Amino acid sequence: MKHVIELKDIKKIYHIGGEDFAALAGITLNIKEGEFAALMGPSGSGKSTLMNILGCLDRPTSGSYKLGDKEVAHLSDDELAVVRNQHIGFVFQNFNLLSRISALDNVALPLIYAGVGRKERSERAMEKLRSVGLETWAHHKPNELSGGQRQRVAIARALVNNPHIIMADEPTGNLDTKSTKDIMRLFEALHEEHKTIILVTHEPEIAACANRQLLLSDGKITKDAGRGVVMDVI
Ligand SMILES: Nc1ncnc2c1ncn2[C@@H]1O[C@H](COP(=O)(O)OP(=O)(O)OP(=O)(O)O)[C@@H](O)[C@H]1O
Ligand SMILES: [Mg+2]
């Protein structure tokens, strides 16, 4: 199976108080099409930093990131936005919904940037809301929804452009047990549809839903385990 993501020696260096700090200290990682990978690691180990680079929300200081056949490590903000819009659906821990507009309009937002007309936007957004079981909540604003419902809206928004890669940074971090189960069912269904999924979590039961478990420590991948085979990388 072909690699959809190839990272080579990715570093992210922050300058703090006159000193260099490596939030990512050289990440080399390949993700195959259709893979479901869980990224774990202690707080501060670099998970969000890595996800933001993978999700084209940020750039590495050095190294190579090939998304499909395209080198994206050093694109401009505008170029990154185009790549993100075409390939990636991103789900955040705090949902990142706009509070003043309805669930439907939140889901339709990426389609505005993609240049889709109003009627088609509304139809496609409604179809995605239906797919996460929230059709009847379409005209409600985020603050009228529960946490689990908000995250389902955010997932519908991440899916509305039909991206082949879904990334999520602790998508169930703010949710109760039942909502967590609902959300994980959605990710499992996406995996069955052969989407490529990378998900950050602190919870081993959630990581167990994935078919590959990656451990990040001090900005490096220190374990890469899949389907019961545990392998020490470093
Ligand atoms: N903009 C920034 N400027 C300076 N340092 C940063 C910045 N962003 C992150 N860091 C540092 O990089 C390291 C990794 O942060 P990151 O947010 O990736 O951790 P994390 O693994 O996601 O942690 P958590 O589990 O708490 O979400 C931390 O030490 C953090 O302080
Ligand atoms: Mg984080």
Side-chain angles (χ1 to χ4, degrees), residues 5-31 35-65 67 72-77 80-81 83-84 88-97 147-148 150-151 154-155 157-158 165-177 179-180 183-184 186-187 196-210 212-226 230 232-234:
I5 288 172
E6 290 183 7
L7 299 183
K8 276 208 191 84
D9 202 22
I10 288 286
K11 293 187 179 158
K12 182 74 181 182
I13 313 290
Y14 290 114
H15 305 284
I16 307 166
E19 298 211 0
D20 284 353
F21 169 76
L24 298 176
I27 303 275
T28 296
L29 172 69
N30 294 329
I31 304 279
E35 200 156 42
F36 184 176
L39 182 60
M40 303 190 77
S43 182
S45 57
K47 302 181 299 297
S48 295
T49 306
L50 179 58
M51 287 304 284
N52 289 344
I53 289 170
L54 284 169
C56 295
L57 296 159
D58 195 9
R59 272 177 297 265
T61 309
S62 64
S64 155
Y65 174 10
L67 182 62
V72 299
H74 303 290
L75 296 183
S76 70
D77 287 351
L80 277 181
V83 171
R84 195 164 64 234
I88 299 166
F90 204 97
V91 179
F92 301 85
Q93 176 173 358
N94 61 0
F95 325 128
N96 273 16
L97 299 172
R150 285 180 210 184
Q151 194 58 301
I155 290 175
R157 179 185 57 187
I165 306 171
I166 318 293
M167 298 185 185
D169 191 352
E170 300 196 50
T172 62
N174 290 352
L175 302 181
D176 60 32
T177 313
S179 304
T180 295
I183 297 297
M184 288 318 295
L186 287 176
F187 280 106
T196 304
I197 303 172
I198 307 174
L199 175 150
V200 172
T201 181
H202 281 286
E203 296 166 62
E205 313 87 77
I206 292 175
C209 296
R212 184 171 177 191
Q213 288 81 28
L214 299 162
L215 183 69
L216 206 56
S217 313
D218 295 330
K220 290 194 162 181
I221 291 178
T222 51
K223 273 202 174 128
D224 186 348
V230 180
D232 278 335
V233 174
I234 294 164

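In each ligand, atom 1 is the first atom listed, and ligand 1 is the first ligand listed. The shown structure was predicted, so the numbers you read here are calculated from the model rather than taken from an experiment.
Protein residues having a heavy atom under 4.0 Å from any atom of ligand 1 are Tyr14, Ile16, Phe21, Ala23, Pro42, Ser43, Gly44, Ser45, Gly46, Lys47, Ser48, Thr49, Glu170, His202, listed by chain and number.
Ala25 meets the side chain to side chain contact (heavy atoms under 4.5 Å, CB included) test with Ala22, Lys220; sequence neighbours excluded.
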In sequence, state the C-alpha distance, the side-chain angles, and the governing distance for Thr222 and Ser217, and then conclude on side-chain hydrogen bond (donor to acceptor under 3.5 Å, both in side chains).
CA-CA 6 Å; Thr222 51; Ser217 313; 3.0 Å; yes
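Residue-and-atom listing of protein N/O/S atoms under 2.8 Å from the Mg ion (ligand 2), sorted by chain and number: Ser48 OG.
When only modelled atom types and interatomic distance are considered, Asp169 and Ser48 share a side-chain donor-acceptor pair under 3.5 Å. Between the side chains of Glu6 and Asn30, not a single donor N or O lies within less than 3.5 Å of an accepting N or O.
Within the 3.5 Å criterion, the main-chain N or O of Ala207 finds a donor-acceptor partner in the side chain of Gln213. Between the side chain of Ser45 and the main chain of Pro42, a donor-acceptor pair closer than 3.5 Å is present. For the pair Thr180 (side chain) and Asp176 (backbone), a donor-acceptor distance under 3.5 Å is present. When atom types are taken as modelled, the side chain of Lys8 and the backbone of Gly26 share no donor-acceptor pair closer than 3.5 angstrom.
Legend: salt bridge (Lys or Arg N to Asp or Glu O under 4.0 Å) pairs involving residues 35-57, not counting sequence neighbours, sorted by first then second residue: Glu35-Arg212.
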